[in-house]
Visitor: 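What follows is a structure written as structure tokens; I'll ask about it next.
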Amino acid sequence: MPIRDKLAIGQPLAPERAVALLVSLMLERDGLAGVRRWAEALPDQDERFKLDVFRQVGAELAKEDPEAAVTWCDAHCEGPYGANVRALIALHWGARDGEAAMAWLATAPEGEERDKAVKSGYGAWLRRDPESAVAWVSRMGVDGVPPWFRPAVGRYVM
């Protein structure tokens with residue numbers, strides 16, 4: 001996609017959007033291996049920028065290649081630059097294939113990061129395809145909802 005199609009010409013570019021655009025363009029140009037080398041080599045002095053980059057790499061990968069996003073998460077979600085990476089991957093993957101995203105999250109390490117990711121991924125699925133998202137939970141039955149999915153039950157109920 002040409003860069004002009006990724007920019008809203010004449011609109012200010014928020015820092016997070018600038019990082020997302022940079023990562024997206026680098027993925028197009030350098031592929032996952034190149035972006036991974038670049039992101040991992042970033043100095044730790046600007047922790048906020050590095051965290052933003054790691055998040056955006058996960059998000060951009062989830063849009064195009066969920067398996068690559070899972071590989072990225074396996075390498076970084078539990079590390080110092082992993083905060084909310086799993087939730088961003090779940091958000092974008094859940095919008096594309098909610099059931100696959102939920103299957104992945106079922107295997108994620110227990111904790112607040114997984115809880116946020118479950119809510120994010122299920123919420124995205126629910127917005128994109130409410131019928132299949134609701135049916136998926138309904139098939140489990142009241143007593144069959146697994147503990148890992150409980151943070152998103154409120155979204156299902158609403």
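None of these values were measured; they are calculated from a predicted model. No hydrogens, no waters, no symmetry mates; every other heavy atom, side chains included, goes into these values.
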Visitor: Measure the spacing between CZ of R150 and CG of D115 and express it to the nearest 0.5 Å.
Guide: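 That separation rounds to 11.5 Å.
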Visitor: Answer yes or no: is there a side-chain heavy-atom contact under 4.5 Å between R96 and P66?
Guide: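 A side-chain contact exists here, since the closest heavy-atom pair is under 4.5 Å.
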Visitor: Taking side chain as C-beta onward, heavy atoms only, is V53 less than 4.5 Å from L42?
Guide: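 In short, these two side chains touch, coming nearer than 4.5 Å.
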Visitor: Between P146 and M140, is any pair of side-chain heavy atoms under 4.5 Å apart?
Guide: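 Counting from C-beta outward, P146 and M140 do come under 4.5 Å.
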Visitor: Is the ring pair F49/W38 parallel, tilted or perpendicular, if the boundaries are 30 and 60 degrees?
Guide: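 Ring orientation, 0 to 90° scale: perpendicular.
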Visitor: Working to the nearest 0.5 Å, report the span between CG of L91 and NZ of K119.
Guide: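 Rounded to the nearest 0.5 Å, the CG-NZ separation comes out at 13.5 Å.
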Visitor: Less than 4.5 Å apart, side chain to side chain, heavy atoms only: is that true for R55 and H76?
Guide: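 Side-chain contact under 4.5 Å: no.
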Visitor: Same cluster or not: are L61 and L88 linked, directly or through other Ile, Leu, Val, Met, Phe, Trp or Tyr residues, by side-chain heavy atoms under 4.5 angstrom apart?
Guide: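 No, it is not one cluster - the side chains of L61 and L88 are not joined through contacts under 4.5 Å.
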Visitor: Kindly assign one of parallel, tilted or perpendicular to the pair W125 and Y122, based on the angle between their ring planes and the thresholds 30° and 60°.
Guide: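 Taking Y122 first and then W125, their aromatic rings stand perpendicular (interplane angle over 60°).
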Visitor: Do R29 and V35 have side-chain heavy atoms sitting under 4.5 Å apart?
Guide: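 Side chain of R29 against side chain of V35, heavy atoms only: no contact under 4.5 Å found.
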Visitor: Could you tell me the separation between the CD atom of Q56 and the CG atom of L27, rounded to the nearest 0.5 Å?
Guide: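 Taking CD in Q56 and CG in L27, the distance rounds to 10.5 Å.
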Visitor: What I want to find out is whether K50 reaches D46 closely enough, with some N-O distance under 4.0 Å, to be called a salt bridge.
Guide: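 No, K50 and D46 are not salt-bridged.
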Visitor: Grab the two heavy atoms, one from R155 and one from G123, that are nearest each other, plus how far apart they are.
Guide: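 In terms of heavy atoms, the two residues are closest at NH1-CA, 4.0 Å.
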Visitor: Sequence neighbours left out, what passes salt bridge (Lys or Arg N to Asp or Glu O under 4.0 Å) with E64? Give chain and number order.
Guide: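 Partners of E64 under the salt bridge (Lys or Arg N to Asp or Glu O under 4.0 Å) test: none.
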Visitor: Does E113 reach the main-chain N or O of N84 with its side chain, forming a donor-acceptor pair under 3.5 Å?
Guide: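 Checked: pair present.
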Visitor: Does one hydrophobic cluster hold both V85 and L105, with members joined at side-chain heavy-atom distances below 4.5 Å?
Guide: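 Same hydrophobic cluster.
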Visitor: If you count every heavy atom of other residues, nucleotides or ligands that lies below 6.0 Å from R139 atom CZ, does the total exceed 12?
Guide: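 Enclosed.
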Visitor: Going by heavy atoms in the side chains, are V134 and L126 under 4.5 Å from each other?
Guide: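 In short, these two side chains touch, coming nearer than 4.5 Å.
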Visitor: For E67, I'd like to know if atom CD has over 12 heavy atoms of other residues, nucleotides or ligands within 6.0 Å.
Guide: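 Open.
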Visitor: With a 4.5 Å heavy-atom cut-off, do D97 and E99 have their side chains touching?
Guide: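 Contact flag for D97/E99 side chains = yes.
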Visitor: Would you find a donor on one side and an acceptor on the other, under 3.5 Å apart, between the side chain of W72 and the backbone of F54?
Guide: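 Side chain of W72 to backbone of F54, a donor-acceptor pair under 3.5 Å: yes, one is there.
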Visitor: Given 3.5 Å as the limit, does a donor-acceptor pair link the side chain of R36 with the main chain of L32, or not?
Guide: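 It does not hold such a pair.
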Visitor: Enumerate the disulfide (SG to SG under 2.5 Å) contacts for residues 75-158, please, sequence neighbours excluded, ordered by first and then second residue.
Guide: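 For residues 75-158: C73-C77.
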Visitor: For S132 and D129: C-alpha separation, side-chain torsions, deciding distance, then whether side-chain hydrogen bond (donor to acceptor under 3.5 Å, both in side chains) applies.
Guide: CA-CA 6 Å; S132 70; D129 186 358; 2.7 Å; yes
Visitor: Hey, are the side chains of W136 and F149 touching, using non-hydrogen atoms and a 4.5 Å cut-off?
Guide: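 SC-SC contact between W136 and F149 confirmed.
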